[in-house]
Colleague: 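Structure below; questions to follow.
The structure displayed is predicted, hence computed values, not measured ones.
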Amino acid sequence: MTARIIDGKAIAATIRGEIKTEVDKMQNEYGTVPGLATVLVGARPDSATYVRMKKKACAEVGIKSFANELPADVQQADVIDLIRGLNENPEVDGILVQLPLPGHIDEEAVLSEVELSKDVDGFHPINIGRLSMKRRDPLFSPCTPKGCIELLDRSGIEIEGKRAVVLGRSNIVGLPVAMLLLHRNATLTICHSRTKDLPGVVREADILIAAVGRTEMVKGDWIKPGATIIDVGINSKDDPTRKRGYRLVGDVDYGEAAEVAGAITPVPGGVGPMTIAMLLRNTTDSKRRRIGME
Ligand code: NDP
């Protein structure tokens, strides 16, 4: 079997096009556009790159962005003051605190300050709490997990009643994606570093979401024939044939898995582009609610 490729790049481009149309309509009919405030603490190059990519994606669909950069040694109280100001700013519909924060800052204390209606990253403890409860809907779901579900939906892969296995239980990916699958009536198993017989558990999956951050850990013979694989992992692998000496690969051995699976996301070009598309989606939804646009 050769798996169908789930093209996240193309799906994300379609979603960005849909959002641009909505933003143009907001501008024309309501005289306003969504606004996203980013909060970057310190100078981690990867975080700075992510924030830059998010601002660029906002500009492309007509969302306004408000950049806030604070030094790595900033006091927690000052970060909280900044967030309180953004909560009050009517031009700001979404507040994104780029994680990780420096060690001296209590991440949960900061995220809790983001007003619920502007929590477009979906990490406010109340949004996460609602996500984890039956028949409660969070105002926003975290972007990467939401992007995984959107990939399944837009590829016509049914979730209800399927055996879903999530590899990883992080607050950012594993846990929320598991909760989203449960909301959609999958039968769920969550695996982590203490799981026994990982290949045996993975082999039960009709839908596998891999988010462990381990280079090509999931092998072809771990996969149930015909399964759908969503590979969230982004890992660098030495590759002397590349100018930069490495290439990006996922948590799944793509070459092997594609021979067994029914559908699979590539890395790069799978989940990655969806994360930013979902951030634009959440920010636009926030503005829609605020202005009462259907
Ligand atoms: P974390 O390191 O926070 O979590 C990794 C999880 O995997 C943990 O739950 C850990 O278990 C589990 N794990 C680690 N090693 C093993 C193992 N050998 N066997 C079984 N389980 C294991 O990572 P994140 O969730 O933040 O990210 C996961 C991957 O997704 C990374 O490659 C990251 O770069 C990528 N990512 C991609 C995004 C995108 O937009 N495409 C966005 C965010 C992340 P335990 O809890 O027991 O420690």
Side-chain angles (χ1 to χ4, degrees), residues 2-29 33-36 38 46-65 67 93-94 96 98 120-122 140-159 172-173 176-177 180 184 207-211 228-236 247-252 254 257-258 261-288 293-294:
T2 305
R4 170 162 66 104
I5 295 171
I6 300 176
D7 185 346
K9 212 169 152 188
I11 294 173
T14 303
I15 293 170
R16 289 200 307 273
E18 293 165 3
I19 292 170
K20 179 154 188 354
T21 305
E22 271 177 56
V23 172
D24 289 346
K25 191 165 177 234
M26 273 178 192
Q27 174 72 74
N28 294 335
E29 294 179 13
V33 295
L36 175 72
T38 53
D46 54 344
S47 293
T49 302
Y50 292 139
V51 168
R52 209 170 35 246
M53 284 162 65
K54 288 166 187 174
K55 286 194 289 202
K56 182 166 173 273
C58 281
E60 280 166 7
V61 298
I63 294 176
K64 249 192 205 176
S65 50
D93 301 292
L96 179 140
Q98 186 64 44
V120 290
D121 240 352
F140 301 101
S141 300
C143 299
T144 302
K146 183 173 168 150
C148 294
I149 302 296
E150 194 75 27
L151 284 175
L152 294 171
D153 285 344
R154 291 193 183 231
S155 305
I157 291 154
E158 202 177 332
I159 301 173
I172 291 177
V173 190
V177 82
L180 286 171
R184 295 288 297 274
I207 296 172
L208 172 68
I209 314 266
T228 298
I229 316 279
I230 305 289
D231 191 352
V232 184
I234 303 175
N235 312 293
S236 57
R247 66 192 163 96
L248 295 181
V249 298
D251 291 340
V252 177
Y254 184 87
I264 187 166
T265 57
V267 177
V271 176
M274 294 299 287
T275 298
I276 291 185
M278 292 301 103
L279 176 66
L280 304 177
R281 175 75 273 153
N282 281 351
T283 305
T284 306
D285 287 348
S286 175
K287 175 62 97 188
R288 289 174 79 100
M293 181 175 164
E294 284 302 308

Colleague: Can you tell me how far OG1 of T144 sits from CD1 of I149, rounded to the nearest 0.5 angstrom?
Modeller: 12.0 Å
Colleague: So do the side chains of L36 and K55 get within less than 4.5 Å of each other, counting heavy atoms only?
Modeller: no
Colleague: Before giving the answer on side chain to side chain contact (heavy atoms under 4.5 Å, CB included), spell out for Y50 and T38 the whole-Å C-alpha distance, their side-chain angles and the decisive distance to 0.1 Å.
Modeller: CA-CA 10 Å; Y50 292 139; T38 53; over 6 Å; no
Colleague: Would you check if Y254 and V249 make a side-chain contact, meaning some heavy-atom pair closer than 4.5 Å?
Modeller: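 No, side chains not in contact.
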Colleague: So do the side chains of L280 and E60 get within less than 4.5 Å of each other, counting heavy atoms only?
Modeller: no
Colleague: Begin from the C-alpha positions of R184 and L152 and carry the test side chain to side chain contact (heavy atoms under 4.5 Å, CB included) through to its verdict.
Modeller: CA-CA 11 Å; R184 295 288 297 274; L152 294 171; over 6 Å; no
Colleague: Identify the two heavy atoms, one from K146 and one from S141, that lie closest to each other, and give their separation to 0.1 Å.
Modeller: CD-O, 4.1 Å
Colleague: Quick check: closest heavy atoms across A277 and I15, and the distance to 0.1 Å?
Modeller: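 For A277 versus I15, the nearest heavy atoms are CB-CG2, 4.2 Å.
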Colleague: Using side chain to side chain contact (heavy atoms under 4.5 Å, CB included) as the criterion, point out the one residue from C143, P142, C148 that pairs with P145.
Modeller: P142
Colleague: Can you measure from NZ (K25) to CE (M293) and round to the nearest 0.5 angstrom?
Modeller: 4.5 Å
Colleague: Quick check: do V23 and K287 have side-chain heavy atoms less than 4.5 Å from each other?
Modeller: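 No. Closest side-chain heavy atoms not under 4.5 Å.
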Colleague: Thinking salt bridges, do K54 and D121 make one under a 4.0 Å N-O criterion?
Modeller: no
Colleague: A263 and I157: which non-hydrogen atoms are nearest, and at how many Å?
Modeller: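 Residues A263 and I157, closest heavy atoms: CB-CD1, 4.2 Å.
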Colleague: Considering the options D285, T284, T283, which one meets the side chain to side chain donor-acceptor pair (under 3.5 Å) requirement together with R281?
Modeller: D285
Colleague: Under 3.5 Å, side chain of D231 to main-chain N/O of D251, donor-acceptor pair present?
Modeller: yes
Colleague: Look only at the side chain of S286 and the backbone of D93, and say whether a donor-acceptor pair between them is shorter than 3.5 Å.
Modeller: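 Yes, the answer is positive, given that a donor and an acceptor are paired below the 3.5 Å cut-off.
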Colleague: Supply the atom-to-atom distance T228 OG1 to R4 CZ, rounded to the nearest 0.5 angstrom.
Modeller: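 Between T228 OG1 and R4 CZ, I get 7.0 Å after rounding to 0.5 Å.
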Colleague: How close do R16 and V61 get, heavy atom to heavy atom, and via which atoms?
Modeller: O-CG1, 3.6 Å
Colleague: Could you tell me whether E22 and R288 have a side-chain N and a carboxylate O separated by less than 4.0 Å?
Modeller: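 Answer for the salt bridge query: yes.
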Colleague: Measure the spacing between CD1 of I11 and OG1 of T265 and express it to the nearest 0.5 Å.
Modeller: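 OG1 of T265 is found 10.0 Å from CD1 of I11.
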Colleague: Do you know the tightest heavy-atom contact between A261 and I229?
Modeller: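 Heavy atoms of A261 and I229 come nearest at CB-CG1, 3.7 Å.
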Colleague: To the nearest 0.5 Å, tell me how far L279 CG sits from M274 CE.
Modeller: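 The CG atom of L279 sits 12.5 Å away from the CE atom of M274.
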Colleague: Kindly compute the distance separating CD (E150) from CG (L180), expressed to the nearest 0.5 Å.
Modeller: 11.0 Å
Colleague: Considering residues, nucleotides and ligands other than L248, do more than 12 of their heavy atoms fall under 6.0 Å from its CG?
Modeller: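 It does: L248 CG has more than 12 such atoms within range.
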Colleague: If every non-hydrogen atom of A258 is compared with every non-hydrogen atom of I264, which pair is closest and at what distance?
Modeller: N-CD1, 4.2 Å
